[in-house]
*Asks:* 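The structure under discussion is supplied below as structure tokens; questions concerning it will follow.
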Amino acid sequence: MKIAVIGKGGREQALVETLAASPCKPELYTYPGSDAIRQTAQAIPTGSFDELISWMVDHHIDLCVAGEESYLVKEDGLANRCARAGIPCWGPTKESAQLEASKEFAKDFLVRHGIPTGKATAVAGYEEALAAIGGNYPTVLKFDGLAAGKGVAVCGTAADAEAFLNEVFIQKRFGEGRLLVEEYLTGPEISIFGAICDDHYLILCPARDYKRLRDGDEGPNTGGMGAVASRQLASPELLKTIEDTIVAPTVRGLQADGLPYRGFLYFGLMLTPDGPKVIEYNCRFGDPECEAVMPLLRGDLASFCLRGARGDFAPELISFDGGWSVCCILASAGYPASSHSGDLITGLEQCGARVFHCGTRKTDAGWVTNGGRVLAIVAGGATLDEARTRAHTEAAKVDFDGSQRRSDIAYKNM
Ligand code: AMP
Ligand code: GLY
């Protein structure tokens with residue numbers, strides 16, 4: 001079996017290594033990949049998105065796995081192109097990926113299908129936004145399009161809201177687009193992952209990510225500074241509520257709306273005093289949650305994804321270990337406002353945990369930083385305490401100039 005994994009980060013390396021460990025022993029290819037991913041998967045030697053599809057056809061690729069979201073909505077969509085070329089794709093069509101690409105589309109979908117979520121109003125301009133907020137703070141403002149995790153502002157005061165509205169409507173920092181004014185919700189957050197195949201689904205191991213840069217949930221939002229994963233993160237009762245009120249109605253809604261879906265679907269939830277509510281959908285695995293979840297996966301992920309992409313759902317092919325997994329991210333100097341490349345990474349040989357590379361490059365001198373999030377250091381254990389102690393101890397052995405790491409991953413909010 002030949003599988004191409006599309007993407008270049010730590011999530012994609014975790015997927016590639018888990019696919020590589022599948023008993024069916026697939027041959028792996030990667031686009032655009034990274035030096036680290038290319039240790040396990042062969043590079044697809046093409047620069048453009050157009051050539052990627054013809055290369056996969058010419059090389060008889062059996063399955064395309066979408067890692068990052070951008071390709072799902074790029075031009076006419078990765079899955080749409082794969083479908084036309086006859087290549088099974090694990091990842092949804094461009095139309096279905098609007099659940100992630102447009103907050104307004106997602107909100108309309110949630111409301112139409114009676115799925116619990118915060119109340120929201122879509123607005124097109126500055127004054128309209130202020131009118132929709134109506135002096136109620138805190139409020140949550142969400143730019144409608146893809147904004148690399150930077151399009152959401154939780155605003156405690158009118159001054160915060162005005163500053164963000166200025167960025168969106170005057171400076172047009174994210175380009176043209178509308179905005180959702182959303183009700184402020186409270187409660188712990190949890191990331192639930194579904195594997196969806198038409199009208200079937202499997203709920204995978206839940207996780208929690210840590211979005212703020214610094215300890216104590218302080219500092220700016222990032223792509224994620226760490227994650228903890230375990231089946232024990234959610235009680236069976238809570239998971240049943242999430243399945244009945246959120247996951248199953250979402251899958252029925254996709255069917256009812258004629259939105260084809262075969263792939264991972266990420267439900268970002270807030271466990272409010274009124275029950276779990278959806279704060280966002282992502283049409284792919286989370287990053288860094290994927291780096292924490294994949295080491296817990298047992299079975300044959302490659303066959304699971306291939307059969308799912310062909311419409312032959314086979315949930316019996318995978319399961320999850322009952323223990324815990326903790327992922328600590330090392331980020332480069334300046335992240336998230338900027339990033340720093342070329343800093344030499346030390347201590348990788350001493351590190352006794354799994355290491356996934358989010359943004360690195362291999363040079364003659366060794367691995368160097370090459371992006372904002374640099375490395376994901378992941379450790380497992382039968383207990384939460386064992387997993388988090390190991391993850392933090394092993395992460396502390398790795399270093400580079402200006403490295404940033406949270407020391408409360410899997411402690412805070414547990
Ligand atoms: P999103 O990109 O929609 O996941 O939002 C990013 C982060 O903003 C979430 O992880 C939450 O911490 C926060 N957030 C989003 N929506 C709300 C909401 N309605 N109420 C409170 N916080 C929110
Ligand atoms: N960890 C959040 C995300 O993948 O969007």
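As the structure lists them, so they are numbered: ligands from 1, and atoms in each ligand from 1. Values below: all heavy atoms of this structure, side chains included; hydrogens, waters and symmetry mates excluded. In this chain, residues are counted from 1 in sequence order.
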*Asks:* Out of Asp209, Thr186, Val154, Val152, whose heavy atom is nearest to atom 5 (O) of ligand 1?
*Replies:* Val152
*Asks:* Suppose I only count heavy atoms of Lys211 and a 4.0 Å limit; which atoms of ligand 1 are within that range?
*Replies:*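 This gives 10 (O) as the contact atoms.
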*Asks:* Should you measure from each heavy atom of Met270, which atoms of ligand 1 turn up under 4.0 Å away?
*Replies:* 21 (C), 22 (N)
*Asks:* With respect to Glu182, which candidate in Thr139, Thr121, Val140 satisfies the side chain to side chain contact (heavy atoms under 4.5 Å, CB included) definition?
*Replies:*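 Testing Glu182 for a side chain to side chain contact (heavy atoms under 4.5 Å, CB included) against Thr139, Thr121, Val140 leaves exactly one candidate, Val140.
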*Asks:* Please assess Glu176 against Lys172 for the test salt bridge (Lys or Arg N to Asp or Glu O under 4.0 Å), listing each intermediate value before the final yes or no.
*Replies:* CA-CA 6 Å; Glu176 292 298 327; Lys172 299 199 189 293; 3.8 Å; yes
*Asks:* Closer than 4.0 angstrom: is that true for some heavy atom of Lys277 and an atom of ligand 1?
*Replies:*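 False for this residue.
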*Asks:* Can an N or O of Asn221 be found at a distance shorter than 3.5 Å from an N or O of ligand 1?
*Replies:*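 Such a contact does not occur with ligand 1.
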*Asks:* Within ligand 1, which atoms have a heavy atom of Val140 less than 4.0 Å away?
*Replies:* 16 (N), 17 (C), 18 (C), 19 (N), 20 (N), 21 (C)
*Asks:* Show your reasoning for whether side chain to side chain contact (heavy atoms under 4.5 Å, CB included) applies to Glu280 and Val152.
*Replies:* CA-CA 11 Å; Glu280 66 167 344; Val152 174; over 6 Å; no
*Asks:* Against heavy atoms of Lys142, which atoms of ligand 1 measure under 4.0 Å?
*Replies:*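 Reading through ligand 1 atom by atom, the close ones are 3 (O), 15 (C), 16 (N).
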*Asks:* Mark yes or no: Lys412 above the aromatic ring of Tyr210, with NZ or CZ under 6.0 Å from the six-membered ring centre and no more than 45 degrees from the axis.
*Replies:* no
*Asks:* What class does the angle between the rings of Phe313 and His200 fall in, given that below 30° is parallel, 30 to 60° is tilted and above 60° is perpendicular?
*Replies:*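 Judged by the thresholds at 30° and 60°, the geometry between Phe313 and His200 is parallel.
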*Asks:* Check the orientation of Tyr71 and Phe49. Use parallel for under 30°, tilted for 30 to 60°, and perpendicular for over 60°.
*Replies:* tilted
*Asks:* Is it the side chain, the backbone, both or neither of Glu183 that has a heavy atom closer than 4.0 Å to ligand 1?
*Replies:* backbone
*Asks:* Counting each atom of ligand 1 from 1 as listed, which ones have a heavy atom of Glu182 under 4.0 Å away?
*Replies:* 16 (N), 18 (C), 19 (N)
*Asks:* Would you mind listing which atoms of ligand 1 come within a distance below 4.0 Å of any non-hydrogen atom of Glu189?
*Replies:*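 Matching atoms, with element in brackets: 9 (C), 10 (O), 11 (C), 12 (O).
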*Asks:* Would you call the rings of Trp90 and Phe264 parallel, tilted or perpendicular, where under 30° means parallel and over 60° means perpendicular?
*Replies:*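 Trp90 vs Phe264 ring planes: perpendicular.
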*Asks:* Would you indicate which of Leu185, Thr139, Asp217, Val278 comes nearest to atom 21 (C) of ligand 1 when only heavy atoms are counted?
*Replies:* Leu185
*Asks:* Could you walk me through whether Asp217 and Asn413 pass the side-chain hydrogen bond (donor to acceptor under 3.5 Å, both in side chains) test, one step at a time?
*Replies:* CA-CA 9 Å; Asp217 289 336; Asn413 305 331; 3.2 Å; yes
*Asks:* Between Ile279 and ligand 1, find which residue part has any heavy-atom pair under 4.0 Å and reply side chain, backbone, both or neither.
*Replies:*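 The part of Ile279 near ligand 1 is both the backbone and the side chain.
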*Asks:* Go through the steps for Thr250 and Tyr281 under the test side-chain hydrogen bond (donor to acceptor under 3.5 Å, both in side chains), then give the verdict.
*Replies:* CA-CA 10 Å; Thr250 297; Tyr281 286 118; 2.8 Å; yes
*Asks:* Could you pull out every protein residue that has a heavy atom closer than 4.0 Å to ligand 2, ordered by chain and then number?
*Replies:*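 If the criterion is a heavy atom under 4.0 Å, then ligand 2 touches Asp209, Gly223, Tyr266, Asn282, Arg284, Gly286, Asp287, Pro288, Glu289.
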*Asks:* Kindly indicate, with the supporting measurements, whether the criterion salt bridge (Lys or Arg N to Asp or Glu O under 4.0 Å) is fulfilled by Glu68 and Arg284.
*Replies:* CA-CA 7 Å; Glu68 67 183 63; Arg284 43 145 181 109; over 6 Å; no
*Asks:* Go through the steps to decide whether Thr93 and Leu259 satisfy the test side chain to side chain contact (heavy atoms under 4.5 Å, CB included), and finish with yes or no.
*Replies:* CA-CA 8 Å; Thr93 61; Leu259 293 171; 5.9 Å; no
*Asks:* Any idea which atoms of ligand 1 are less than 4.0 Å away from a heavy-atom of Lys103?
*Replies:* 1 (P), 2 (O), 3 (O)
*Asks:* Below 3.5 angstrom, do we get any N/O pair linking Tyr184 and ligand 1?
*Replies:*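 Tyr184 vs ligand 1: no N/O contact under 3.5 Å.
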*Asks:* For residues 10-22, which residue pairs qualify under salt bridge (Lys or Arg N to Asp or Glu O under 4.0 Å), counting only residues two or more places apart or in two chains?
*Replies:*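 Of all non-adjacent pairs touching residues 10-22, those that pass salt bridge (Lys or Arg N to Asp or Glu O under 4.0 Å) are Arg11-Glu69, Glu17-Arg354.
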*Asks:* Can Glu51 and Ile44 be said to form a side chain to side chain contact (heavy atoms under 4.5 Å, CB included), step by step?
*Replies:* CA-CA 10 Å; Glu51 288 165 0; Ile44 297 180; over 6 Å; no
